[in-house]
Amino acid sequence: MLEVVSVKRKSPVLTPSSLSCLSHIPTINLTAGCAHGCLYCYSRGYRTYPGDKRIHLYANTLEMLSEEFLRKRKLPVAVYFSPSSDLFQPVPEVLDLAYEVMQFLFARRIGVAFLTKGEIPEHHMALLRAHARLVRAQIGLTTLEADVLHAFEPNAAPAQTRLRQARDLVTAGIPTEVRLDPILPGVTDSAESVRHLCRAIAMSGVRRIALGVLFLRPAVLHSLNQHLGGSPLQRTLASHFGRAVRLCIHAERSSVMALHRDARRLIYARVSEIAQECGLEVAVCGCKNPDLGAGSCNIAGEWPSAGSLFE
Ligand code: SF4
């Protein structure tokens, strides 16, 4: 049973990100922790992580955001939801707050970019449709295999729900991509699994995908061992990470254990080839693969430059 604790946010709502593709767009988290409970979620290692089966809801977000906007000389072109939570968690309090914050931003002609693994309620979808020109969407999905999704993303939306809403977003004229991140080596990267997924994505009308392979931080490793300990899934992942290397990411601000670059390069090449056969354009996340010289995956979509957003 999930516990939702209402807390007062003390730090600013609009937060700069260390990801280079978010350097011109501020980010917002409505919660600390996330009800989707993905085992690989790197926010598990954050100081603010409230523990499994609990989220902290920043109930005063709208009030603080209004005050922050009053103090700003220049408002952002768009904001990104969310670097370490999800806008569409299956929690009524989070969904209500998400709706109010999006409404507040749209009323000021400020764009909303989001990445979600959740189910977007129809009420929220109608708001997104009504402001389609101000929306950029990414749907996170790495496989169609229900047992794998259930094991790694226990409370996220089923694959078919995510694909259906990808199609709805595309139909509404909203630039929409699917993010295959994290690809789980040995678990979701077989040619058959990737082909199945890429065909379904192409059928939804999405034309571009972004790729990233799982990397490990201590908290993620702990979570995988705790939840999957001794299972075939855990043994498969462990066998692939046997030759992991330390990699500096996010403009060298943090260090993670990653597959050797040759192993990642092979996975990206295999997935890209299949995706392109399905008519999909492919981008590899450069922030997570600085040693591969990958470009930007453009996590928040494209927006006009707004100069410095944090003055
Ligand atoms: S949906 Fe995103 S933020 Fe939420 S638990 Fe999964 S990876 Fe973390």
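Atoms within each ligand, like the ligands themselves, are counted from 1 in listed order.
Under a 4.5 Å side-chain heavy-atom criterion applied to ILVMFWY residues, the cluster that includes V5 comprises V7, Y58 as well.
If you look at F104 and F69, their ring centroids are closer than 6.0 Å.
Under a 4.0 Å N-O distance rule, the pair E153/R162 qualifies as a salt bridge.
Listed by first and then second residue, the side chain to side chain donor-acceptor pair (under 3.5 Å) pairs involving residues 101-116 are D86-T116 (not counting sequence neighbours).
Using bins of under 30°, 30° to 60° and over 60° for the plane-to-plane angle, the ring pair H124/F88 lands in the perpendicular bin.
Here S190 pairs with E192, S193 under the side chain to side chain contact (heavy atoms under 4.5 Å, CB included) rule; sequence neighbours left out.
Below the 2.8 Å limit, atom 8 (Fe) of ligand 1 has as protein N, O or S neighbours C41 SG.
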